[in-house]
Number of protein chains: 2
Amino acid sequence: MPATSRKAPPVEHVPELTTNRLSVYLRCLDALDTAGQRTVSSRALADRCLVNAAQVRKDLAYFGEFGVRGVGYTVADLRGHLRQILGLDRRRRMVIVGAGNLGMALADYAGFRDQGFDTVALLDTARHKVGTRSRTGIEVHHASELAEVVAREDVSVGVVAVPAAAAQETVEALVAVGVRAILDFAPPPVRTPPGVKVKHVDLAVSLESLSFFLAAEHHEQTPAPQP
Amino acid sequence: MPATSRKAPPVEHVPELTTNRLSVYLRCLDALDTAGQRTVSSRALADRCLVNAAQVRKDLAYFGEFGVRGVGYTVADLRGHLRQILGLDRRRRMVIVGAGNLGMALADYAGFRDQGFDTVALLDTARHKVGTRSRTGIEVHHASELAEVVAREDVSVGVVAVPAAAAQETVEALVAVGVRAILDFAPPPVRTPPGVKVKHVDLAVSLESLSFFLAAEHHEQTPAPQP
DNA sequence: CTCTGTGAACCACTTCACAGCA
DNA sequence: TGCTGTGAAGTGGTTCACAGAG
C-alpha cells in the first residue's frame, strides 16, 4: 500500500528528461488548481503538456503511486508531491557571477523569485562595478568575496553569466566554495566535477538552431503557399 | 567526389541534437582558428567539445565529407562549412515581444548581435511603455504594430518574453505575420503550427532541475567526503 | 600507419497494450 | 466501465569497430 509514500525510494537513476517534464506537469497542475479542478487523468494532463499519457504515468512511477485507478490524480495532492520531489517546498539562495547585461538582467528577472530562488548578490571582477546595484537593488560585490558571500548568505545555487573565456574558472571557483548546483549561461562546454550539477543554457545554440531551420527552409524551394 | 559539396543534400532529417552540436563545434573551431591551428582531428575536436569522436564524424556526415583521411579537418574550411550549414553567413533581424525585465534584458544582450542576430524592435501591449527605449536604444512599439514592424524591418525571428498567459496568442500573432522561427522564453508548452520552428528556453525548468538535484542529494545521506 | 566515414551493436527513452483495481 | 501502473515492443540516437583512403 504505497499509495502515498511520501519518501521517495532510492531514486536510483531518474532521467533528466523526466525531471524536466515534472516541472511542466507541475505548472499545468498549478493552472488546473487555480481553475478549481479537483482531479485529472493522465490523458488530460498529458494533452495539456503536449506529451503522451503513458509518459506521464511512467514519469510519476519513478517516485510512487499517486493515482487512483478508474479516477485519476487528485490535483492538489499530485501538485504537493511534485513540489516535494522537485525540492520546491523550500526557498533557495543564489548568486550571479558576472554583472554584465545578462547578469544584471537575470538579477532583476522576477521569474526566479516566483519559483523560489532568491538572488542575494551579484559578483564581478571589474572594480568599477563593485557597489553598484541592479534596478531591483541587488548589490554587486567583487569576485574575491565569493567565498564569504556564499557562506554568509547560505547560497546553494550559482549562476554563471561571464564571458566565454572565464566560464571554466568561474565554475571551478563556485565548486571550490561549496556550490553544487550551477546554472551556466556561458557558451563553451564546461568540465563538470563529480557531485556537481551544471545546467547549461546556451542562447547562442538556440539561436543557431533557429538559423539552421531558416537556412534549410530557404535551400528547399520555399514551400509556403499563399491562399 | 563530393569532398567539398557546397550544397547540402536534401538534408532529409537531421536530429536537433546534431545541429545543436554543430554550434558547439563551430565555437571550438573559432577558438582553434584564432589560436592559429590549421587542422584538427575528430578526436581532438571531440575532446574540446566533451563529446565522442565518432559523434563528431557522424554529425558532419549528414552534410558531406569535409575531412581528409589520415589528416583530419582543415579548421578554416570546416568552420566555413558549418557557418554556411547553420545559415550564419548572413545576418538575421529579430523582434522581441514583451518589454518586461526579461525582454528589455534580451534587447540589450550583446551575445545576440555577436551571433549575427540584430534586434530591431521591442513590442508590448502596455501603452505607457510605448516610445521608451532599452539601455542600448531599442525602441518599444505597441503590439498592434507587429505586422508593420515585421514587414518594414524584414524580420525573420521572433522572441517571446511575455507572461505565461499570453504565450500561445503571442506565438500565433508572430506566425500570422509570417515569422517562422521563434525563441520562446515563456514557461507553458506552446502548440506549434507546422512549418514553424519554436525553440523553447525554460529557465524555470532549468532551475527546478537544479532544485531536484539538490533535494535528491539531501535525501541521501550527503555522501560528500572531506579529504 | 593515421584518421575518416560508416554499418552494426548498443543503450535510453518513448509508446503500446493490457492486467488489475476502483 | 474507466483509468492507473507496468512489462514488452518500438524508436532514435550514441558508441563501437573496422574497411578504406591518403
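Computed from a predicted structure; not experimentally measured. So you know, we letter chains A, B, ... as the sequences are listed, proteins then strands, and number each from 1.
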Do B:Arg180 and A:Phe213 have side chains that get closer than 4.5 Å, going by heavy atoms?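 In contact.
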Is there a side-chain contact between A:Val51 and A:Tyr25 in this structure, where contact means two heavy atoms from C-beta onward sitting under 4.5 Å apart?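 The answer is yes, as the side chains (C-beta and beyond) meet within the 4.5 Å cut-off.
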Spacing of [X] atom [atom1] relative to [N] atom [atom2], expressed in whole Å:
{"X": "A:Asp59", "N": "D:dT6", "atom1": "CG", "atom2": "P", "value": "13 Å"}
{"X": "A:His13", "N": "C:dA12", "atom1": "NE2", "atom2": "P", "value": "8 Å"}
{"X": "B:Leu60", "N": "D:dT14", "atom1": "CG", "atom2": "C1'", "value": "15 Å"}
{"X": "A:Tyr73", "N": "C:dA22", "atom1": "OH", "atom2": "C1'", "value": "14 Å"}
{"X": "B:Phe63", "N": "C:dT4", "atom1": "CZ", "atom2": "P", "value": "18 Å"}
{"X": "B:Phe66", "N": "C:dT6", "atom1": "CZ", "atom2": "P", "value": "11 Å"}
{"X": "B:Arg69", "N": "C:dT4", "atom1": "CZ", "atom2": "P", "value": "10 Å"}

Using heavy atoms to find the nearest nucleotide of DNA chain C for B:Gly70 and A:Leu17 separately, return the residue whose nucleotide is more 5′.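 Nearer the 5' end of the strand: B:Gly70.
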State plainly whether the residues B:Asp118 and B:Arg113 are in salt-bridge range, i.e. N to O under 4.0 Å.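 Yes.
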For side chain to side chain contact (heavy atoms under 4.5 Å, CB included), just list the numbers for B:Leu22 and B:Leu60, CA-CA rounded to whole Å, side-chain angles, deciding distance to a tenth of an Å, and then say yes or no. CA-CA 8 Å; B:Leu22 294 187; B:Leu60 297 178; 4.2 Å; yes
Can you tell me if A:Gln55 touches the phosphate of C:dT15, counting only side-chain N or O atoms and a distance under 4.0 Å to OP1 or OP2?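 Answer yes for this pair, as a side-chain N or O of A:Gln55 is under 4.0 Å from OP1 or OP2.
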N or O in side chain of A:Tyr62 less than 4.0 angstrom from D:dG5 OP1/OP2: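 No, because none of the side-chain N or O atoms of A:Tyr62 sits under 4.0 Å from OP1 or OP2 of D:dG5.
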Counting side-chain heavy atoms from CB outward, which of [options] is closest to [X]?
{"X": "A:Ala54", "options": "C:dG20, C:dT15, D:dC16", "answer": "C:dT15"}
{"X": "B:Asn52", "options": "D:dC16, D:dG5, D:dG20", "answer": "D:dC16"}
{"X": "A:Arg57", "options": "C:dT15, C:dC3, D:dT4", "answer": "D:dT4"}
{"X": "B:Glu65", "options": "C:dT6, D:dG22, C:dC13", "answer": "C:dT6"}

Got a sec, which residues hit side chain to side chain donor-acceptor pair (under 3.5 Å) with B:Asn52, two or more places apart in sequence or on another chain?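 Counting only residues at least two positions away or on another chain, B:Asn52 forms no side chain to side chain donor-acceptor pair (under 3.5 Å).
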Is any N or O donor-acceptor pair between the side chain of B:Lys58 and the base of D:dT15 shorter than 3.5 Å?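 When only heavy-atom distances are counted, B:Lys58 does reach the base of D:dT15 through a donor-acceptor pair under 3.5 Å.
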Tell me, with the steps shown, if A:Asp30 and A:Leu26 meet side chain to side chain contact (heavy atoms under 4.5 Å, CB included). CA-CA 6 Å; A:Asp30 289 345; A:Leu26 178 55; 3.9 Å; yes
Close approaches to DNA chain C from residues 19-43 of chain A, in residue order (heavy atom, under 4.0 Å):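 Output list: A:Arg21.
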Which class fits the ring pair A:His81 and A:Phe66: parallel under 30°, tilted 30 to 60°, perpendicular over 60°?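 Judged by the thresholds at 30° and 60°, the geometry between A:His81 and A:Phe66 is tilted.
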